[in-house]
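A quick write-up on the structure given underneath.
All values derive from a computational prediction rather than experimental measurement. Sequence lines set the chain letters: A, B, ... in the order given, protein chains first and strands last, and positions in each chain run from 1.
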Amino acid sequence: METINVRTRFAPSPTGNLHVGGARTALFCYLQARAVKGVFILRIEDTDLERSTPESVQAILDGMRWLGLDYDEGPYYQTKRFGRYAEVVAALLEDGKAYHCYCSKERIDALREEQMKAGVKPRYDGHCRDDAEPVKGVKPVVRFRNPLEGDVIFDDLVRGRISISNGELDDLVIARPDGSPTYNFTVVVDDMDMGVTLVIRGDDHINNTPRQINIYRALGAGLPEFAHVPMILGGDGARLSKRHGAVGVLQYRDDGYLPQALLNYLVRLGWSHGDQEIFSLQEMIDKFDIRDVNRKASAFNTEKLDWLNQQYMKNLPAGEVAQHLAWYFERAGIDPAPGPSLADLVSVQADRVKTLREMTDQSRVFYENFNEYDAGAARKHLRPVAEQPLRAIGGRLADLAKWDPERLNEAVRITAEELGVGMGKIAQPLRVALTGTAISPSIDKTLWLAGRERSLARIRRALEYVMARAAAN
RNA sequence: GCUCCCUUCGUCUAGCGGUCCAGGACGCCGCCCUCUCAAGGCGGAAACACGAGUUCGAUUCUCGUAGGGAGCGCCA
């Protein structure tokens with residue numbers, strides 16, 4: 001595997017958005033290719049015309065790009081390769097390695113039902129396998145002539161040796177009456193034509209592998225290596241589905257996660273490197289080996305993703321995080337121009353929130369005016385006793401030479417000392433005055449982000465509120 | 001039903017016969033810090049599914065049992 005040009009591929013079918021399970025498979029394919037300086041191919045398996053949609057194709061492409069999983073070849077589309085599949089089917093037919101089958105769906109269904117009832121594995125009985133009579137008016141399907149005897153054995157890079165008897169397999173349909181090819185056939189032709197040397201895919205395909213291997217052999221093609229990675233389950237241990245909420249990669253983007261964080265979370269699902277939790281993309285590439293992947297399905301845990309996301313928000317350069325944040329601001333309709341730089345904002349907010357979306361929501365107040373005070377916060381902190389502290393700090397701030405966190409902190413501290421009260425007596429009313437709520441960054445940082453003009457105006461407004469309230473009593 | 005596969009704290013995992021009365025991380029609990037919320041520091045509770053073997057010795061090897069997953073399409 002490490003000696004010659006490794007070629008991996010990610011081959012999703014565009015019947016929905018790129019979900020986290022697929023994204024992790026794509027990540028593994030990507031990492032393995034990069035780790036050995038191989039080639040990573042993207043192929044869209046869109047032979048199911050009924051369920052494939054252009055929107056899904058776009059969602060997959062967008063998801064890949066957002067994650068930064070760039071591919072070296074593709075995207076290839078199976079729908080553009082129908083001519084090639086027909087050619088291979090014809091060759092197989094010619095060689096007697098496939099045959100026409102005229103059995104009706106009704107017959108097949110009845111057969112299956114019978115077999116299930118008899119307690120055996122349902123499979124095609126080979127009715128048309130040998131010299132079947134063409135049935136007038138029936139367009140036949142093409143079936144692959146699977147070997148009757150022997151076992152198919154392969155050494156899966158993550159599962160180890162897997163063996164299944166040909167007696168368990170049947171003659172699968174490789175082309176429908178209209179000539180369109182089926183999945184198990186197209187993958188083989190594509191992987192062969194595209195020179196794929198390592199097939200990494202979900203372990204829901206493990207049962208398909210033996211029959212695909214038989215097709216490779218019939219085609220006289222060399223076998224790629226296989227690595228079947230376990231699935232990702234929902235937080236409740238059940239198979240991941242829409243009822244688990246966010247399953248699409250782009251949903252995580254919309255919810256405020258950094259692509260680095262999601263990638264980091266995903267790579268640690270089923271893979272590890274000692275006790276290390278945080279991996280840059282480069283570290284993943286350097287340390288990843290598909291053979292180290294676990295066999296067990298793992299449950300998706302949003303709390304840990306949240307933690308990772310915060311780690312990234314805190315530790316990435318603020319300017320880099322700010323670039324992502326700008327996207328959320330735009331989406332939320334916030335103009336960043338009248339407020340602090342987004343990098344400054346990130347440096348203050350990163351360790352207080354889990355997502356960029358939360359950061360956006362909690363930062364609006366530094367860019368736009370708020371309409372009213374949070375009722376509970378105002379009741380508790382904007383009381384008549386707050387008048388003196390607010391006046392004192394307001395006066396001191398107005399004269400402050402330079403508006404930076406150090407000086408601001410000092411101003412609040414000195415004011416508290418002069419009034420002979422604790423920091424909280426100044427900070428809390430001030431916090432509510434500045435943000436409308438009792439929750440915000442430390443008071444010096446809050447002042448800093450709000451800026452001089454805005455802060456002074458809001459202190460005046462709070463004083464009016466306090467006095468009006470006093471007068472009302 | 002049949003075939004294939006899986007099984008260490010709630011979750012993600014380390015462990016590749018003795019170093020394990022099982023280590024790390026998230027979460028949880030407690031304490032500290034503190035102008036709110038966080039972040040941070042310190043500490044704590046928490047797991048080898050079960051039963052037989054093999055072995056001087058099994059979390060680690062083998063076989064069963066139980067539980068779970070996937071597949072059995074003219075879907076991919």
Under-4.0 Å side-chain N/O to phosphate OP1/OP2 contact, A:Thr186 with B:rA76: no
For B:rC35, does the base pair up with any side-chain atom of A:Arg431 as donor and acceptor (N or O, under 3.5 Å, distance only)? yes
Would you mind classifying the nucleic acid contact of A:Arg123 as base, sugar-phosphate or nothing, using non-hydrogen atoms under 4.0 angstrom? nothing
A:Pro122, nearest nucleotide to its side chain (from B:rC74, B:rC2, B:rC72): B:rC72
For a quick test of reading the model: is some side-chain N or O of A:Arg51 closer than 4.0 Å to OP1 or OP2 of B:rA76? no
Nearest-angstrom distance, C1' atom, B:rA46 to B:rG27: 11 Å
Does A:Ser272 reach a base, just sugar-phosphate, or nothing at all? Heavy atoms under 4.0 Å. sugar-phosphate
B:rU19 and B:rA14: how far apart are their C1' atoms, nearest whole angstrom? 14 Å
Check every atom of B:rA76, B:rU13, B:rG23 against the side chain of A:Asn294 and return the nucleotide holding the closest atom. B:rU13
Expressed in whole Å, how much space separates the C1' atoms belonging to B:rC9 and B:rU59? 14 Å
Write down the distance separating the C1' atoms in B:rU3 and B:rC20, rounded off to the nearest Å. 38 Å
Does one side chain, of A:Gln310 or A:Glu358, offer a donor that lies under 3.5 Å from an acceptor on the other? no
Would you find a donor on one side and an acceptor on the other, under 3.5 Å apart, between the side chain of A:Asp170 and the backbone of A:Arg123? no
Expressed in whole Å, how much space separates the P atoms belonging to B:rG40 and B:rC6? 38 Å
Mind checking if A:His228 touches a base, just sugar-phosphate, or nothing, with heavy atoms under 4.0 Å? nothing
Nearest to side-chain heavy atoms of A:Lys304, which nucleotide of B:rA39, B:rA76, B:rC12: B:rC12
Using a cut-off of 4.0 Å on non-hydrogen atoms, how would the nucleic acid contact of A:Ser165 be classed: base, sugar-phosphate, or nothing? nothing
Look at all strands and tell whether A:Gln311 reaches a base, only sugar-phosphate, or nothing, counting heavy atoms closer than 4.0 Å. sugar-phosphate
Nearest-neighbour nucleotide for the A:Asp275 side chain, B:rG27, B:rC12, B:rG24 considered: B:rG24
Can you tell me how far P of B:rG71 sits from CG of A:Leu172, to the nearest Å? 16 Å
For B:rU55, what is the paired nucleotide under Watson-Crick or G-U wobble rules, both distances under 3.5 Å? none
How close or far is atom P of B:rC74 from atom CZ of A:Arg211, stated in whole angstroms? 9 Å
Give A:Lys445 one of three labels, base, sugar-phosphate or nothing, depending on what nucleic acid heavy atoms sit under 4.0 Å from its own. nothing
Exactly one of A:Phe300, A:Tyr312, A:Tyr257, A:Trp307 should register a ring pair (Phe, Tyr, Trp, His ring centres under 6.0 Å) with A:Tyr265. Which one does? A:Phe300
Sticking with atom C1', work out how far B:rG15 lies from B:rA76, rounded to a whole angstrom. 38 Å
Would you say A:Thr47 reaches B:rA76's phosphate, i.e. side-chain N/O to OP1/OP2 under 4.0 Å? yes
Report the nucleotide, chosen from B:rA76, B:rG73, B:rC5, that has the shortest atom-to-atom distance to any side-chain atom of A:Asn184. B:rA76
By the 4.0 Å heavy-atom rule, please label A:Pro230 as base, sugar-phosphate, or nothing. nothing
Is a side-chain N or O of A:Asn264 found less than 3.5 angstrom from the main chain of A:Phe279, in a donor-acceptor match? yes
Any base atoms under 4.0 Å from A:Ser298, or only sugar-phosphate, or nothing? Heavy atoms, all strands. sugar-phosphate
Short side-chain to backbone donor-acceptor contact, A:Arg268 and A:Trp271, under 3.5 Å: yes
Of all the nucleotides listed (B:rC74, B:rC12, B:rC2), which has the minimum atom distance to the side chain of A:Pro177? B:rC74
Would you mind telling me which of B:rA14, B:rU8, B:rC26 lies closest to the side-chain atoms of A:Lys296? B:rU8
Could you check whether A:His205 and A:Tyr183, counting side-chain N and O atoms only, form a donor-acceptor pair closer than 3.5 Å? yes
The side chain of A:Asp48 is closest to which nucleotide in this list: B:rA76, B:rC26, B:rA38? B:rA76
C1' atoms of B:rG23 and B:rC35, separation to the nearest Å: 39 Å
Whole-Å distance between B:rA76 P and A:Gln212 CD? 12 Å
Measuring from the side chain of A:Asn207 (C-beta onward, heavy atoms only), which nucleotide among B:rG71, B:rA25, B:rC35 has the closest atom? B:rG71
Using the P atom as the reference point in each nucleotide, state the distance between B:rC63 and B:rG73 in Å, no decimals. 30 Å
Only pairs with both distances under 3.5 Å count, Watson-Crick or wobble alike; so what is the partner of B:rU19 in this structure? none
If the cut-off is 4.0 Å, is A:Lys314 near the phosphate of B:rA38, judged by side-chain N/O to OP1 or OP2? no
What contact category does A:Arg268 fall into here, base, sugar-phosphate, or nothing, at under 4.0 angstrom with non-hydrogen atoms? base
Between B:rC35, B:rG27, B:rA76, which one does the side chain of A:Ala427 approach most closely? B:rC35
Under 4.0 Å between a side-chain nitrogen and a carboxylate oxygen: does that hold for A:Asp178 and A:Lys139? no
What is the distance from atom NZ of A:Lys304 to atom CG of A:Asn309, rounded to the nearest 0.5 Å? 14.0 Å
Look at all strands and tell whether A:Leu269 reaches a base, only sugar-phosphate, or nothing, counting heavy atoms closer than 4.0 Å. sugar-phosphate
Is a donor-acceptor pair below 3.5 Å formed from side chain A:Gln115 to base B:rG1, judging by atom type as modelled? no
Base of B:rC37 paired with side chain of A:Arg352 (donor-acceptor, under 3.5 Å): yes
